[in-house]
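These notes are about the structure you will find just below.
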Amino acid sequence: MHDVRIIRERLDELKTALRARGVEIDVDAIAVLDAERRRILTEVEGLKNERNVVSREIGRMRQAGQDTTERQAYVRSLGERISELDARAHRAEEERDAALLRIPNLPHSSVPVGPDASANVVVRTWGEPRTFPFPPKTHVELCERLNLVDFARGARMTGAGFHVFTGLGARLERALIQFMLDLHTRHHGYMEVSPPFLCNVASMTGTGQLPKMADDMYFVSGDGLYLIPTAEVPVTNYYREEIITEPLPIKMTAYSPCFRREAGSAGRETRGLIRVHQFDKVEMVKFVEPETSYEELESLVRDAEDVLQALEVPYRVVLLCTGDLSFAAAKCYDIEIWAPGQQAWLEVSSCSNFEDFQARRAGIRYRRKDGKTAFVHTLNGSGVALARLFVALLENGQQADGSVVLPDVLHAYLDGMGKIEPKP
RNA sequence: GGAGGGGUGGCAGAGUGGUCGAUUGCGCCGGUCUUGAAAACCGGAGUCCCGCAAGGGACCGGGGGUUCGAAUCCCUCCCCCUCCGCCA
């Protein structure tokens, strides 16, 4: 949530930013609510002052044995007026804040302005897409041929968009999770955490999934909890409502499954592992001092790139334009890997700087050198998302004989196995 | 699930209807002393809101109520602890 002052002091800047994002919000209406609230407050606080003064006077009169009946009746009448005005001010504040919660973050000045993904900018690419002397298969064919994933049984036990990793597929999935966690903890300085996979409304609001994205999440109504769409939610909320005392920056990494309803995208990419309702992901989260957050964003992207370089998967880094930026982000890089079976770039990582947007909503503060408290800046990035990485590894590593060669770095995680071969 | 206890400032911990935004200790900031540090001593400091300011208001887990007046009494919700039950 933004500081209310943005409505009072930076209204034009806010309107420009919302236009760049392609978002329609009547911010003038919020300004009206805010002005009304302030007008009522001025009046009601004068009355409260009067009440406090006279109440103290009643206390003194009683001790002196004087009659206070008339004074009491007077204060009682003040009380009625105060309740009424308090309720109105409260209502205006709630409406104002509910509206503020729906205003997205302001894009950073370095973010290109554009309407949609077509205006995103490729900032660098790594690796050469492999050329095949035979027509490359899709991961769906490879998974079925090598018995790595069972799509039909996943759909039957749960529903469309749910799959079962089987045999070496399950093994490979687990190896990838462990490889990525090891890389981030051993070489990039992250602390590993293993968080809950369900979060409450306050946490979901803190990172910005609520109120806007409610329909995209699975909700457990009996307990009022949401299944996490990303480990960003529990890990960022690790410090919710706290003043952080440990030295910054703080870097955490977590494995979690991610649950997404994908409401509104029915029918798109429904085959295979490209868009599924549950997928595994290793996430990185940082809590940093405001002055350093953009440097930290660059190193976050590099940490994610290291995963792909180690796995020898060709990728490109894309800077999102204002129209493609997610709700809470001020700046975001996507990393996309090349999937030859799909002939497409697949998004496997999103690295964002939220500045103080999430910290303000979640109440995450630190103590500055001058002793004052201030909101931290939060960042997160996938390091990386697994289902699509799985796709790319299979499609990139496939051989003419139908086997799949795995990158060297994984061998140690697979008891030395370097190749998945079809059963005869 | 049942019974009981508890949630107060950065932390610990007093305060059971009136001048309490709140005693005290630790920690923090400034100063004196010291070559420097520690100790000792002196001083300072909560957050938010309204207001140009003077000043005023709110905040003792959240919300509601009683009262002239609530940290203090009542209701309700949330969270934590102890014991019992159930259980991977």
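- No hydrogens or angles considered: nothing links the side chains of A:Glu305 and A:Tyr333 as a donor-acceptor pair under 3.5 Å.
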Would you give me the side-chain donor-acceptor pairs under 3.5 Å for residues 37-46 of chain A, sequence neighbours excluded?
unit_1  : atom_1 : unit_2  : atom_2 : d
A:Arg37 : NE     : A:Glu93 : OE1    : 3.2
A:Thr42 : OG1    : A:Arg38 : O      : 2.9
A:Glu43 : OE2    : A:Arg81 : NH2    : 2.9

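- A:His139 and A:Gln398 share no side-chain donor-acceptor pair at under 3.5 Å.
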(Q) Working note: A:Tyr366 + A:Phe287, criterion ring-ring contact (aromatic ring centres under 6.0 Å, His included); need CA distance, chi angles, decisive distance, verdict. (A) CA-CA 10 Å; A:Tyr366 75 111; A:Phe287 304 85; over 10 Å; no
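- Base-pair partner of B:rA40: B:rU32 (Watson-Crick or G-U wobble, both distances under 3.5 Å).
- The ring-ring contact (aromatic ring centres under 6.0 Å, His included) contacts involving residues 189-218 of chain A comprise A:His184-A:Tyr190, where partners must be two or more places apart or lie in separate chains.
- Nucleotide B:rC83 forms a pair with B:rG2, judged by Watson-Crick or G-U wobble geometry with both contacts under 3.5 Å.
- In this structure a side-chain-to-backbone donor-acceptor pair under 3.5 Å is missing from A:Thr158 to A:Ala155.
- Summarising the geometry, the separation between CD on A:Glu241 and P on B:rU47 is reported as 17 Å, rounded to the nearest angstrom.
- Taking the six-membered ring for Trp and thresholds of 30 and 60 degrees, A:His277 and A:Phe162 have ring planes inclined between 30 and 60 degrees apart.
- When the C1' atom is compared between B:rA45 and B:rC81, the two are found 33 Å apart, to the nearest whole Å.
- The aromatic rings of A:Phe390 and A:Phe165 sit tilted relative to each other, their planes meeting at an angle between 30° and 60°.
- Sorted by residue number, the members of residues 36-44 of chain A with any non-hydrogen atom under 4.0 Å from RNA chain B read A:Arg37, A:Arg38, A:Leu41, A:Thr42.
- The same atom, C1', is picked in B:rC59 and in B:rU34; the two are 44 Å apart, to the nearest Å.
- One side chain, A:Glu141 or A:Thr138, offers a donor N or O that lies under 3.5 Å from an acceptor on the other.
- In this structure, the CG atom of A:Asn237 is 15 Å from the P atom of B:rC79, given to the nearest Å.
- Counting to the nearest Å, the P atom of B:rC49 and the CG atom of A:Asp86 are 17 Å from each other.
- To the nearest 0.5 Å, atoms CG (A:Asn380) and CG (A:Asn353) are separated by 10.0 Å.
- The partner of B:rC68, taking Watson-Crick or G-U wobble pairs whose two distances both stay under 3.5 Å, is B:rG18.
- Of the possible polar contacts, one joining the A:Arg21 side chain to the A:Asn105 backbone as a donor-acceptor pair under 3.5 Å is found.
- Nearest-nucleotide assignment on RNA chain B puts the 5′-proximal partner with A:Arg60, out of A:Asp3 and A:Arg60.
- Distance check on atom P: B:rC73 versus B:rU16 gives 9 Å, rounded to whole Å.
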What nitrogen or oxygen pairs link the protein and nucleotides 8-12 of chain B at under 3.5 Å?
unit_1 : atom_1 : unit_2   : atom_2 : d
B:rG10 : O4'    : A:Arg367 : NH2    : 3.4

Q) Nucleotide by nucleotide, 5' to 3', does protein get under 4.0 Å of the base (B), only the sugar-phosphate (S), or neither (-) in nucleotides 58-76 of chain B, counting heavy atoms? A) S---------BS-------
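- In this structure, B:rC52 forms no base pair with any nucleotide, since neither Watson-Crick nor G-U wobble geometry is met with both distances under 3.5 Å.
- The residue A:Arg240 sits apart from the nucleic acid: no heavy atom pair falls under 4.0 Å.
- For B:rG27 and B:rG13, the C1' atoms lie 14 Å apart once the distance is rounded to whole Å.
- Spacing between B:rG57 and B:rG51 at atom C1', rounded to whole Å, works out to 11 Å.
- Using a distance-only test at 3.5 Å, with no hydrogens or angles considered, no donor-acceptor pair links the side chain of A:His188 to the main chain of A:Leu300.
- The main-chain N or O of A:Gln342 is found under 3.5 Å from a side-chain atom of A:Glu395 such that the two form a donor-acceptor pair.
- Only the P atoms considered, B:rA22 is 30 Å distant from B:rU32, to the nearest whole Å.
- The main-chain N or O of A:Glu296 is found under 3.5 Å from a side-chain atom of A:Lys286 such that the two form a donor-acceptor pair.
- Nucleotides B:rG44 and B:rU23 have their P atoms positioned 14 Å apart, rounded to a whole Å.
- When rounded to the nearest whole Å, the span between CD1 of A:Ile7 and C1' of B:rC49 equals 17 Å.
- Taking atom P on both nucleotides, B:rG5 is separated from B:rG10 by 29 Å, rounded to a whole Å.
- If you check residues 192-210 of chain A against RNA chain B, you find no residue with a heavy atom closer than 4.0 Å.
- For the residue pair A:Thr68/A:Gln72, the side-chain donor-acceptor check at 3.5 Å is satisfied.
- Across all strands shown, B:rA45 forms no Watson-Crick or G-U wobble pair with both distances under 3.5 Å.
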